[in-house]
A.B. asks: 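Got a structure for you, written out below as structure tokens; questions coming shortly.
These numbers come from the heavy atoms of this one structure, side chains and all, not from hydrogens, waters or symmetry mates. Note on naming: letters A, B, ... go to the chains in the order of the sequence lines (proteins, then strands), and numbering restarts at 1 for each one.
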Amino acid sequence: MGMEHTLLQGTPPSSANHERLHATMQAVEQACVALQAASTRVVAEASLLVFRRSSQPIPACRYILEHSSVAVARFQAAATIQESAIREWALLSPEDKDNLRIYCLHYVISRAEAPEAYVQAKVLSVAAVLLKRGWLDSVATEKEAFFNEVRQAVLGSQGVAAQRSGISFLESLVSEFSPSTASVMGLPAEFHEHCRASLELDYLQQFYSWAQDAAVSAAGKALQGLGNFHEVNVCACALRLMSQILNWEFQGTLIRGAGGIIVVGKNRASSFSSYINRESVPGKRSGDHISPVQPGPAWHDLLLSPQRVAWVLDLYSHIRQQGFGGANWMDDPLAVSARQLVIQLCSLGGNIFPTDGATTQELHLQRLLLGIACWLDPPEVITHTIQSSSSESEVLDGCRALLSIASLSSPSSFDQLLKPVPRFMGTLNLLASLTCEVIKTRVGAPGEERIWIEEALDMLLDIWTVLLQPADFSKRLPLSSSGADAAAAVFQTYVEFELRVAMASAHDEDDAREETLAGIEARDERLSAIALVARAAPAVTVPLLAALLSERCAKLAQCIGGNADPTATMEELHWLLLTSGHVLADSGDGETPLVPETISALRPNTSNSADHPAVRLSSAAMELAHQSLNVHTQSEIFSPRLMEAVVWFFARWVNTYLMPVDAGRGPSSTPSGHDGDQQHSTVTGIQFEGRDALVIAFGKEGGGKAILEILVHVAVTALTAWPGEVHLQELVCLQFLPALVRRRNICAELVTMDVWQKLANAFAVQDQILLSLSTPFQRALSESLCRSAAGLTTGDATNQYVRDLLAPIAASLEGFSKRNDLQVFAQHPDIILKVSCLLERLRGAARATLPRSQKAVFEVGAMVMEPLLVLLRTYKNQSSVVYRLLKYVVDWVDGQVAFLEPKDTVVMFSFCVRLLEIYSAHNIGKVSISASASLLSESQTENYKDLRALLQLLINLSSKDLIDFACDANGEVENPDVAQVVYLGLHIITPLMSVDLLKYPKLCRQYFTLLAHLLEVYPEKVAKLSPEGFSCIVSTLDFGLRHQDLEVVNMTLTALNALAFFHYQAICKGQEGLGLHADMVQGSNNVIKEGVLAHFLRSMMQFLLFEDYSNELVEPAADALLPLILCCTSLYQRLTQELLEGQQNMVMHGRLALAFHNLSTANRVSTSLDRTNRRRFRQNLYVFLSEVRGFLRTR
Amino acid sequence: MSDDDHHFESKADAGASKTFPQQAGTIQKNSHIVIKQRPCKVVEVSTSKTGKHGHAKCHFVGIDIFTGKKLEDIVPSSHNCDVPEVVRTDYQLIDISEDGFVSLLTDSGITKDDLRLPTDELLLNQALLTLLVFWRYLRLRLRDCDYETAQSGGDLSLNFFGKPNRAEWPVPDSFHCVLESLTFPHAIYKA
């Protein structure tokens, strides 16, 4: 080619030169071959690296590309061109650069049919990199010329093979310009940003239409049977390029400023986080709702014109009808990329559509949906063909497209899209029949098929969720009656087939899969999705569940006497209870979930409230619970697993239905669409009626009390009648009982009930059955019992109730501690167990401290102080007891600290000091050696847990100062010096902390919370630390500043702020502030160590300017930076000077200087540290960073 | 002590039982249990069921506290297990003599001189290493012990906050309390 000729002129073809090049080629080839063998790899790698880094290797690379027969060598040559061109960019003349680009392009076009595609792809990506590197320097005409050539290739004027190469080049170009896939160039981030903007604004549409033209012509030939496989290939490539372009992260906010310069909208977030992390920006989460493709209005004609959309769909239906690509046509690249493009078109959104009340959008979606429908319809046939070894990719893609469409439209408009075709009777109908079919196929499907079925079902349920619960409230409207019918059909099918599965799996060996947390979460997620579908048609689904539940319940009753095996029925009941729980109520997560709107809108058929479907379903479950109370049924048939389901169901149900607090009051306002006012009032009218029925059935005045009594019976039975069933006990203690005592109005009923009082009594007298629960459940039980005291009306009664519960525990512990034979006696395992149980009970009670019961909890706490100290000494080698003891004190202090009077505070603080002293006397400096490595690591874990408990204790203690300012005013008793306590604690803890320990995230957070707090509140105490202690803190702060956890960095910054703030203020007042710590120190070997503040100023500047961090950190960083600058002005000036001198480019130099100037002067920033000034400085820093980081940081 | 000293014949002498019954479901990780008549520390507990609607069983993995051997057991969770009484005594280290015996101080103030430094190389290194860390601070006389071997055998670059353990690294204040409370628990298990 002519071009190559001119290129060769650059390197005179003397024979000596030729030989040299040939020798290089042989060396590279040898290295490439050697790379394959493990023994020679290291040497080969080293020599290739030398080649890559050699000076001006481009002629050699070209020689290799043209002459070598070793493909890997050609690949290495291409890679070397890229690396060296970027490195020696400044040395290349503009002509060289231009030639090199064109050389790469021509190289590929002229060898498009060469077998090793990866070499060609690499050369193309090199061309793309070269083009991007010179993008901002090259003149428009140069680019025009270059792209003209590309265009010729893409449109096919140079042959089919060249056409393919042209398209591939555009692919590499687009991915090179997209910041998340860009290669490293050592250039400022701003450069990458500009290139991206320029491409989006000026070229992307052109590329798209070229690709489209190429696809149209190639497809025309291919489908008429004129073309060979090349045409098909070109068409597939072009389609792939089109969907790649639609995948671009469109900014849409680009404006062309004066003189053709593109103004990049300054997006604050984008200037801080790294490009690699861009994927984690909220709203771009995959798996969540699909985020729409938003290319902006300019793309309207290109993407939305009916002919173009129709063309893609026609193309695909041709492929489909003719089975183009052989038996496996569905997974042929052409079909795959065509479908991919259709899905992308389905996800178009944003202002590409004109504001015409979504008409254009609906037409567009309708057009697409009509084309897609045949992928999914008729469902029976499709699943059948897939089962007979056809591919499932089409139906999955169909679901994806449907999901995109659903997330862009409301339920009714979604349904309307397919209305014009009578066969479908609406989109929801199609969706429902497809869902049903997938559910049916799922049962009994062999393992490998289940994978796609599960994926399809997940996606279909996602579609339902998107339709029924869109994030946008204005779209949240109830389904039409036909839609409700469709939903009901789906749910009925689901129930029918899942029950079969349950029955079949009842005798399975193990439920290990379900026992894992992930397994339970996956199950709950599936069930809550299906529950949404059920709630869309409650009039059908709730009665269905009620009928099934009571029928199976009756069946279970018949099994008594041993005539039949109840296992299958129990498994069915288990499933029904879980599903009913999800349908009837949401999980509260600590809040009170209301009755789902559609269920409360249901009306009983008769005036009898018991006829309300939700009431009937609940009563059926209640009936089952009642059966479990019967001693015979219990032992004979009720399995622990079934009981778990009963307990789980009611734990969830109680929050929503039992004695609702807002009963009797008017309907609470629910958020609803602005256009739904009319509808709103009618809906709530009905709702009120439905809610009345629920209130009569479960309210305080209605059947609520009786139900509550049964439920308490159920809880006690579940706790005691299945000894050793840990999962069941866990559900009762951690979910059911807490749910019962969560609301005060229920507690008020509870405390009057005999059965609850009996439970409390058994607890207080340390009944053996309750003591046989394992220790965490002791805590939970005690917590629930103490919490129920909230139901008592007067403070005295509450305190008396709690005292009655806890005083026996205190007495027991005191009894133990006063024994003469304590040392021997205490080591008996049963005594250790008992002490552990009692400590856990105390801890549970401490966690349940209420404002009204605080006095009693404190009294009991004060009673056990001495015994606890004795026990701490006695059990110094039983780390589990020590840990429980510490945790109790932590929780007790936490509960009490807000309420205490000064004299009580003294008591508490002196107790804590003694506790810390005893603990440190027995544990610091303790060295364990053990025969077993795993036992040793266990003991380290125990140390770590103790340390966390101690940190928490210090945090709790130090929060006292924040809570009461008022105490000092009274001045009767001197408030004990919190700082002194915390200082002592810190003294104990700092030597135990190590960088290794700080790698535990929880410990790390706690430590930095404490540190930040201490430095804020007691900087003067910290300043008094010894140099070693202080340097410990400094090095942990250094560690914290570089931590990955946002919160840790934030707290570190708070701590730094406090430190510098204190010092600056002290200096201003003429005090010494941090004193020695802030001064420069001359180390023993004459190394001058900077003062801490100077040290931190340096690292802060480094951090802010050159590292990646979230923009949330800018504010705390500004707060820390300002006092640091004020403390060390001279160093700050030196640092800025260094930065300025390092900037070669005059323009950048000017910008940097101006930015620094503005940082310290703009916005009337002064040298004070008051709030307004700090706020101004924050703004300045924001401006400064978004101005400067773009070109300081390189990539 | 030979290994035979720590065997438990379950309920052999009813009068002074060395073990106590405890429900399997309540035994947690890090507590002690008798497995195959050996006292073990539980390092892992998991539960499983005999069929979906069956009863729970506990699966224990324990480590023999004397031999370090791993032992396993499966017990229905409502049944009782034997729990051994384990007494651990810590002694304060006073001295190490030339022949490798250590001098220890008991709680009652009497010295105990009949224990050797561990002979197992790993354990010895562990012990010496730990002592060396405190060496300068404590001015502990580690007379003719060959701590060069320890140095070559183990990694001595123990760090305090990433700082190399240099000679000029000063003695932290907090180590003064270490001086008072340093214990050297050559753990003695009494069954």
A.B. asks: How close do B:Q22 and A:L833 get, heavy atom to heavy atom, and via which atoms?
C.D. replies: NE2-CD1, 3.3 Å

A.B. asks: If you compare all heavy atoms of B:T47 against all heavy atoms of A:H727, which two are closest, and at what distance to 0.1 Å?
C.D. replies: OG1-NE2, 3.5 Å

A.B. asks: Can you give me the closest heavy-atom contact between B:V83 and A:P829, atom names plus distance?
C.D. replies: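 Smallest interatomic distance, heavy atoms only, reads CG1-CB, 3.6 Å.
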
A.B. asks: Give, as side chain, backbone, both or neither, the part of A:Q729 having an atom under 4.5 angstrom from any heavy atom of chain B.
C.D. replies: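 Looking at A:Q729, nothing touches chain B.
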
A.B. asks: Counting heavy-atom pairs under 4.5 Å to chain A, which of B:K29, B:Q28, B:K70, B:H53 comes out on top?
C.D. replies: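 If we count pairs closer than 4.5 Å to chain A, B:H53 comes out on top.
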
A.B. asks: At what distance, to the nearest 0.5 angstrom, does OG1 of A:T775 lie from CD1 of B:I27?
C.D. replies: 11.5 Å

A.B. asks: Under 4.5 Å heavy-atom distance to chain B, tell me which part of A:S880 shows up: side chain, backbone, both or neither.
C.D. replies: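 The answer is neither part of A:S880.
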
A.B. asks: What pair of heavy atoms forms the shortest contact from B:G25 to A:S774, and how long is it?
C.D. replies: O-CB, 4.1 Å

A.B. asks: With distance as the sole test, does A:E725 use its side chain to make a donor-acceptor pair with the main-chain N or O of B:A56 at under 3.5 Å?
C.D. replies: yes

A.B. asks: Is there a side-chain contact between B:K49 and A:R641 in this structure, where contact means two heavy atoms from C-beta onward sitting under 4.5 Å apart?
C.D. replies: yes

A.B. asks: Can you name the closest pair of heavy atoms from A:L773 and B:T26 and give their distance?
C.D. replies: C-CG2, 3.9 Å

A.B. asks: Of all heavy-atom pairs between B:K52 and A:S505, which one has the smallest distance, and what is that distance?
C.D. replies: NZ-OG, 3.1 Å

